[in-house]
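Encoded as structure tokens, the structure appears first; notes follow it.
All heavy atoms count here, side chains included; hydrogens, waters and symmetry mates do not.
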Amino acid sequence: MGVSYLKVGLGAIVVIAAAGYGIIRSGYVAEYVDNSRNIVTAHQPYSIDKDAQALHSKLRVADLHNDVLLWGRDITKASETGHSDLPRFDRGNVGVQVFTSVTKSPRGQNYKNNSSDAFDNITLLGLVQGWPTDALNELSRRALLQAARLYALEKSHPDKVKVIHNREELEIVLETRDNGSKVMAGILGTEGGHALDGDINNVNLLYDGGLRLMGLHHFFDNKLGGSLHGLSKGGLTDFGQDVVRLMEEKEMIIDLAHSSPAVIADVLAMSTRPVIVSHTGVKGACNTPRNLTDDQVRAVAAKNGLIGIGFWAAAACDISPKGVAKSIAYAVSIAGIDHVALGSDFDGSVTTAFDASEFAVVTQELLTLGFSEDQIAAVMGENAIRFFLENLPQGERGEETLASSD
């Protein structure tokens with residue numbers, strides 16, 4: 001989720017209030033915010049040469065971070081709004097996508113210091129989308145509401161989307177894609193452990209709601225410990241350690257994106273399972289407060305984890321396809337080829353130079369940099385697929401969940 005998130009000013013709030021509840025519920029305001037926050041820079045269609053296109057068409061593309069479920073738009077239809085929808089996933093050859101729920105975002109959001117007590121922009125977005133009262137009042141219910149949107153897509157378009165709960169379900173989707181199916185595997189997660197509402201029992205609630213991944217932090221400190229962008233910069237609290245243990249017991253994947261350096265060190269010291277940093281950059285390629293140091297990249301890789309390279313300015317500095325490819329190449333030089341993946345942050349209130357239909361341009365730029373076909377396949381999806389096959393819950397069939405039954 002990018003730093004410029006939902007900067008709707010006081011004037012816009014006054015306009016909304018004056019317009020009345022009926023116009024708010026009409027969806028125009030939510031659509032306006034979506035359009036203004038999720039931007040693809042204007043560009044001519046990228047020219048993809050035959051070799052790059054032929055290679056890309058054979059890849060199993062996987063992306064570790066996408067926030068499209070937040071916005072409530074109809075992603076079954078092709079659109080120019082934002083970065084992704086089902087037709088664009090298809091054109092980009094996306095086979096595995098992590099969909100994260102965003103449940104809280106502070107007004108005045110920035111990469112250095114944010115208070116957990118700041119006004120929450122997601123509450124405002126929920127109001128203009130007409131969320132039910134429980135989702136407006138409880139962060140855990142916001143996560144389940146966004147998860148339910150993916151289950152609804154699975155129900156209405158079973159040939160396009162399958163929600164994944166375990167290794168076996170992912171294996172089935174991959175096999176069907178190998179046989180010509182266009183179904184995409186969707187893995188549910190949440191951006192920040194504040195979605196637990198401070199109650200460890202909500203780990204079980206979110207798991208039963210279909211979520212298999214959880215980031216510990218977003219832009220502010222929470223009960224688990226310090227955010228990279230919070231006030232304390234502290235490590236894991238006792239509560240945070242208990243959550244990590246329970247997540248490992250349940251084979252939920254821990255995401256360290258947005259966590260403070262102290263939390264990253266604490267989790268790596270106590271974890272028994274690999275972790276991911278779903279959407280980030282690396283300081284050696286783009287020296288911003290958002291990104292990981294070389295030592296952090298090595299430490300995650302040493303635990304068999306994954307680094308997802310993002311496509312927006314604070315992650316890549318140069319957001320052109322060439323710039324993103326250079327960030328990927330630098331991360332590979334530090335972590336090794338087996339530990340780098342894609343972490344787009346599409347529809348995360350960021351500006352990018354290409355959308356989900358245009359993943360082939362990254363393939364082309366990696367070829368230009370001298371990556372082999374096997375190396376490109378690894379970064380574009382095979383590393384993430386291997387990680388999920390090894391770390392999703394094993395031997396458990398996909399049960400009816402709270403989110404799918406809502």
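No hydrogens or angles considered: nothing links the side chains of Thr81 and Asp34 as a donor-acceptor pair under 3.5 Å. For the residue pair Tyr111/Asn291, the side-chain donor-acceptor check at 3.5 Å is not satisfied. In this structure, a donor-acceptor pair under 3.5 Å is absent between the side chains of Ser372 and Asp374. Side-chain contact of Asn93 with Arg177: a donor-acceptor pair under 3.5 Å is present, judged by distance alone. Remark: the Asp318 side chain and the Ser320 side chain contain an N/O donor-acceptor pair separated by less than 3.5 Å. Between the side chains of Ser79 and Asp85, no donor-acceptor pair of N or O atoms lies under 3.5 Å.
Under the 3.5 Å distance criterion, the side-chain polar atoms of Arg142 are matched with a main-chain donor or acceptor of Thr103. Judged by distance alone, the side chain of Glu169 and the main-chain N or O of His165 form a donor-acceptor pair under 3.5 Å. The closest donor-acceptor contact from the side chain of Asn114 to the backbone of Asn110 lies under 3.5 Å. Judged purely by atom type and a 3.5 angstrom limit, Gln109 has no side-chain atom pairing as donor or acceptor with the backbone of Phe219. A donor-acceptor pair is defined here as one N or O able to donate and one able to accept, closer than 3.5 Å; no such pair exists between the side chain of Asp266 and the backbone of Gly235. Of the possible donor and acceptor atoms, one in the side chain of Asn38 sits under 3.5 Å from a partner among the backbone N and O of Ser349. Arg212 contributes no side-chain N or O that, together with a main-chain N or O of Leu392, makes up a donor-acceptor pair within less than 3.5 Å. Panel note: side chain Asp49, backbone Ala52; a donor-acceptor pair is recorded below 3.5 Å. Checked by atom type and distance alone, the side chain of Asp90 never pairs as donor or acceptor with a backbone atom of Leu86 at under 3.5 Å. Lys326 places no side-chain N or O within 3.5 Å of a backbone atom of Ala285 that could act as its donor or acceptor partner.
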Kindly indicate, with the supporting measurements, whether the criterion side chain to side chain contact (heavy atoms under 4.5 Å, CB included) is fulfilled by Ile328 and Val362.
CA-CA 10 Å; Ile328 290 170; Val362 181; 4.0 Å; yes

Could you go through Ile264 and Leu292, starting from their C-alpha distance and side-chain angles, then the distance that decides it, and tell me whether this counts as side chain to side chain contact (heavy atoms under 4.5 Å, CB included)?
CA-CA 10 Å; Ile264 291 174; Leu292 298 176; 4.1 Å; yes

Show your working on ring-ring contact (aromatic ring centres under 6.0 Å, His included) between Phe346 and Phe359 and close with a plain yes or no.
CA-CA 12 Å; Phe346 280 155; Phe359 273 113; 5.7 Å; yes

Side chain to side chain contact (heavy atoms under 4.5 Å, CB included) between Glu251 and Asn391: does it pass, once the steps are laid out?
CA-CA 7 Å; Glu251 297 180 294; Asn391 293 290; over 6 Å; no

Please evaluate residues Arg141 and Asp197 with respect to the criterion side chain to side chain contact (heavy atoms under 4.5 Å, CB included), reporting the C-alpha separation (whole Å), side-chain torsions for both, the decisive distance (0.1 Å), and the verdict.
CA-CA 10 Å; Arg141 292 294 166 178; Asp197 287 315; over 6 Å; no

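The salt bridge (Lys or Arg N to Asp or Glu O under 4.0 Å) test with Glu154 singles out one residue from Lys160, Lys162, Arg149, and that residue is Lys162.
The 12-atom threshold is exceeded at NZ of Lys233, counting heavy atoms of other residues, nucleotides or ligands nearer than 6.0 Å. Around the NZ atom of Lys250, the shell of radius 6.0 Å holds more than 12 heavy atoms that belong to other residues, nucleotides or ligands.
To the nearest 0.5 angstrom, His56 atom NE2 is 8.5 Å from Ile48 atom CD1. Atom-to-atom distance recorded for Thr293:OG1 and Asn287:CG is 10.5 Å, nearest 0.5 angstrom. Atoms OG and NE2, on Ser259 and His218 in that order, are 11.0 Å from each other to the nearest 0.5 Å.
Centroid-to-centroid, the aromatic rings of His194 and Phe220 come within less than 6.0 Å.
Residues Asn383 and Phe387 fail the side-chain proximity criterion, which asks for heavy atoms closer than 4.5 Å. Within the 4.5 Å cutoff, no side-chain heavy atoms of His258 are placed close to those of Asp255. Residues Leu188 and Ser101 form no side-chain contact, since every pair of their non-hydrogen atoms from C-beta on lies 4.5 Å or further apart.
What you find for Ala257 and Ser278 is that their closest heavy atoms are CB-OG, 3.8 Å. Closest approach of Thr41 to His43, counting heavy atoms only: O-ND1, 2.8 Å.
Partners of Phe388 under the ring-ring contact (aromatic ring centres under 6.0 Å, His included) rule, at least two apart in sequence or in another chain, do not exist in this structure.
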